[in-house]
Amino acid sequence: YGSYSCKPISIICITDTPFLSYYEYKIPSENWQGWKRLIISTELFSAHGSPSWSKIKRIEISVGDNAYGVWYVGLLSIVK
């Protein structure tokens, strides 16, 4: 649920070895208010370390420098 903060959003998919192997996708600016459908191909995520989609344990969302907050997500799917 967007608040039109115009801050960057990071979506981080973390494996069982946090900070060593993860995927990250950055949205340059949260330029919408209300619900928005985001469809992001796994190919657009940057790999850090040697992550594997089959080993994802946690997904983090942060806006700007703030990793804390309440995020409303209607549906989340990872499809390769």
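Looking at residues two or more places apart in sequence or on another chain, you find a side-chain contact (heavy atoms from CB on, under 4.5 Å) between I39 and R37. Listed by chain and residue number, nothing satisfies the side-chain hydrogen bond (donor to acceptor under 3.5 Å, both in side chains) test with S21 (two or more places apart in sequence, or in another chain). Residues passing the side-chain hydrogen bond (donor to acceptor under 3.5 Å, both in side chains) test with S46, sequence neighbours excluded: none. With sequence neighbours left out, the side-chain hydrogen bond (donor to acceptor under 3.5 Å, both in side chains) criterion links S29 to no other residue.
The side-chain heavy atoms of Y23 and I56, taken from C-beta on, include a pair separated by under 4.5 Å.
When every heavy atom of T15 is checked against every heavy atom of P51, the shortest pair comes out as CG2-CB, 3.9 Å. Of all non-hydrogen atoms in G64 and K7, the two that sit nearest each other are N-CB, 4.0 Å.
The distance from atom CD1 of I11 to atom CG of L38, rounded to the nearest 0.5 Å, is 6.0 Å. The line from SG of C13 to CZ of R58 is 11.0 Å long, rounded to the nearest 0.5 Å.
Among residues at least two apart or in separate chains, there is no salt bridge (Lys or Arg N to Asp or Glu O under 4.0 Å) pair with a member in residues 43-57.
Its side chain within the 4.5 Å cluster rule, I12 clusters with I14, Y22 among the Ile, Leu, Val, Met, Phe, Trp and Tyr residues.
Following chains of ILVMFWY side-chain contacts shorter than 4.5 Å, one cannot reach W53 starting from L20, and the two form parts of different hydrophobic clusters.
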